[in-house]
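So the structure is just underneath, and the comments pick up after that.
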Amino acid sequence: MKLATTTGDFSAYTSSQTEAMKYINQAGFKYLDYNFGVDYNRRDGVYSDDFKGHIKKIKEAASELGVKFVQSHSPMGKPIAADNEQFIKDTLICVEACGELGIPSVVVHSGYESGLTKEEAFERNRVFFTPLLEAGERCNVNILVENFNKMSKPDVYWIDNAPDLLALIEYVDHPRFHAVWDAGHGNMQDMPQDEALRLLGHHVEALHIQDNMGDRDSHMTPFLGTLNLDSVMHGLIDIDYKGYFTFEVGNIFLPANKRREYSQDTRLARAPLDLKIASEHFLYEIGKSVLSAYDCFEE
């Protein structure tokens with residue numbers, strides 16, 4: 001199994017995806033998850049006026065560094081809201097970009113709205129995903145949907161567990177619609193990771209590996225939370241998983257706006273870049289250690 005991580009790892013430290021790619025590659029990663037959410041939040045990259053030019057820059061940077069994009073993540077939004085037309089267009093840009101960059105899949109979150117039954121939520125999501133799947137057919141891109149973190153609102157149905165994720169995939173019933181398993185989100189559920197992975201089986205085409213304490217979606221480094229990696233590994237081996245072991249650890253260091261304010265001096269409000277770089281190297285070593293323990297680490 002090969003290690004991958006998201007270009008979002010350095011979104012708070014860099015002004016471009018290509019710069020982030022360099023830092024990530026220096027840490028040892030050869031396989032990347034393109035985070036379209038970074039472009040979306042900045043309104044640049046694939047969302048700039050020069051889509052083709054950006055694609056060319058990314059291709060050139062990937063070739064120069066010797067890295068490969070193996071999956072991607074679309075921006076967050078409100079997929080099944082009444083006024084979702086623009087969000088659908090923005091997500092379709094991701095599918096097109098994946099086609100141009102040769103990225104085989106894009107993760108797109110399912111949607112939820114207050115007051116919907118499970119059946120109504122499934123149908124609204126099917127309608128949302130239909131144009132994306134049609135674009136995926138044209139661009140040779142799979143659409144992956146993930147298990148959310150656990151919902152605490154009583155009037156909202158959303159897909160936060162393996163049985164419901166499988167049910168949605170079977171409901172949409174499209175050859176390009178599959179699952180990405182988020183281990184951190186799964187850690188907030190009672191079902192063991194290996195059992196959840198076996199239930200989803202061949203539908204699992206990608207991973208989000210992150211940790212938490214089981215109470216909130218913290219996106220911590222593995223081994224800092226309560227995630228049982230043995231359970232994850234046994235599940236992956238049981239389903240003969242062929243994809244990448246992809247980290248989604250956004251909170252190795254919390255962003256500055258999450259810390260208590262001290263306006264007199266902000267030199268340490270955010271972890272310095274050199275520490276962030278060191279943490280990325282450490283993340284790679286963690287992944288290598290995890291996979292090596294099960295004799296499945298591949299360069």
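Computed from a predicted model, the values in this text were never measured in an experiment.
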Is there a path of hydrophobic side-chain contacts, each under 4.5 Å between heavy atoms, that joins [X] and [Y]?
X      : Y      : result
Val95  : Val38  : no
Leu273 : Leu275 : yes
Met191 : Leu227 : no
Leu283 : Leu254 : no
Leu224 : Leu3   : no

Ring centres under 6.0 Å, that's the criterion: do [X] and [Y] meet it?
X      : Y      : value
Phe177 : His203 : no
Tyr157 : Tyr112 : no
His73  : His109 : yes

To the nearest 0.5 angstrom, please state how far the [atom1] atom of [X] sits from the [atom2] atom of [Y].
X      : Y      : atom1 : atom2 : result
Asp44  : Asp49  : CG    : CG    : 11.0 Å
Asn149 : Asn187 : CG    : CG    : 12.0 Å
Lys68  : Ile103 : NZ    : CD1   : 11.0 Å

Return yes if some donor-acceptor pair links the side-chain N/O of [X] with the main-chain N/O of [Y] below 3.5 Å, else return no.
X      : Y      : answer
Thr91  : Phe87  : yes
Ser289 : Ile286 : no
Glu120 : Thr117 : yes
Asp164 : Ile159 : no
Lys150 : Gly214 : no
Ser72  : Ser105 : yes
Arg259 : Ala269 : yes
Ser292 : Asp295 : no
Asn25  : Met21  : no
Arg124 : Ile80  : yes

Under 3.5 Å, is there a donor-acceptor pair linking the side chains of [X] and [Y]?
X      : Y      : result
His185 : Asp160 : no
Gln193 : Asn228 : no
Gln17  : Asp39  : yes
Glu123 : Tyr171 : yes
Glu137 : His174 : yes
Asp194 : Ser231 : yes
Asp9   : Tyr23  : no
Ser16  : Thr18  : yes
Thr226 : Asn212 : no

Evaluate salt bridge (charged side-chain N to carboxylate O under 4.0 Å, His left out) for Lys52 paired with Asp50, printing each intermediate quantity in order. CA-CA 6 Å; Lys52 291 290 186 181; Asp50 189 13; over 6 Å; no

Does a side-chain heavy-atom distance below 4.5 Å link [X] with [Y]?
X      : Y      : result
Val249 : Asn251 : no
Phe253 : Arg270 : no
Leu132 : Val108 : yes
Phe129 : Ser110 : yes
Pro104 : Cys98  : no
Lys2   : Glu299 : no

Give the intermediate values and the outcome of salt bridge (charged side-chain N to carboxylate O under 4.0 Å, His left out) for residues Asp83 and Lys78. CA-CA 9 Å; Asp83 57 347; Lys78 296 183 177 180; over 6 Å; no

side-chain contact (heavy atoms from CB on, under 4.5 Å), that's the test. Do Phe29 and Phe247 meet it? Break it down for me. CA-CA 11 Å; Phe29 290 100; Phe247 288 115; 4.0 Å; yes

Within 6.0 angstrom of [X] [atom1], more than 12 heavy atoms from elsewhere:
X      : atom1 : result
Asn257 : CG    : yes
Asp274 : CG    : yes
Arg216 : CZ    : no
Glu261 : CD    : no
Lys22  : NZ    : no

Can you see which heavy atom on [X] is nearest to which on [Y], and at what distance?
X      : Y      : result
Met220 : Gly225 : CE-N, 4.0 Å
Val46  : Phe51  : O-CD1, 3.5 Å
Tyr47  : Asp90  : OH-O, 2.7 Å
Ile209 : Ala183 : CD1-CB, 4.1 Å

Whichever hydrophobic residues join Val70 through chains of side-chain contacts under 4.5 Å: Tyr31, Tyr244

Connecting only ILVMFWY residues whose side-chain heavy atoms lie within less than 4.5 Å of each other, what is the rest of Val107's hydrophobic cluster? Leu144, Val180

Residue pair Thr246, Thr5: steps toward the side-chain contact (heavy atoms from CB on, under 4.5 Å) verdict: CA-CA 5 Å; Thr246 304; Thr5 193; 5.6 Å; no

Does the side chain to side chain donor-acceptor pair (under 3.5 Å) test come out yes or no for Asp217 and Gln210, once each step is laid out? CA-CA 9 Å; Asp217 189 22; Gln210 50 117 344; 3.0 Å; yes

Should Phe148 and Asn161 be marked as a side-chain contact (heavy atoms from CB on, under 4.5 Å) after you check the CA-CA gap, both sets of side-chain angles, and the distance that decides it? CA-CA 7 Å; Phe148 278 118; Asn161 59 75; over 6 Å; no

Worked verdict on Thr221 versus Asp211 for side-chain contact (heavy atoms from CB on, under 4.5 Å): CA-CA 6 Å; Thr221 304; Asp211 208 340; over 6 Å; no

With under 30° as parallel and over 60° as perpendicular, where do the rings of Tyr34 and Phe36 fit, or are they tilted in between? tilted

Is the NZ or CZ atom of Arg126 positioned over Phe122's six-membered ring, under 6.0 angstrom from the centre and within 45° of the axis? no

Between Asp33 and Gln71, does a side chain to side chain donor-acceptor pair (under 3.5 Å) hold up when you go through it step by step? CA-CA 5 Å; Asp33 177 321; Gln71 63 191 67; 3.1 Å; yes

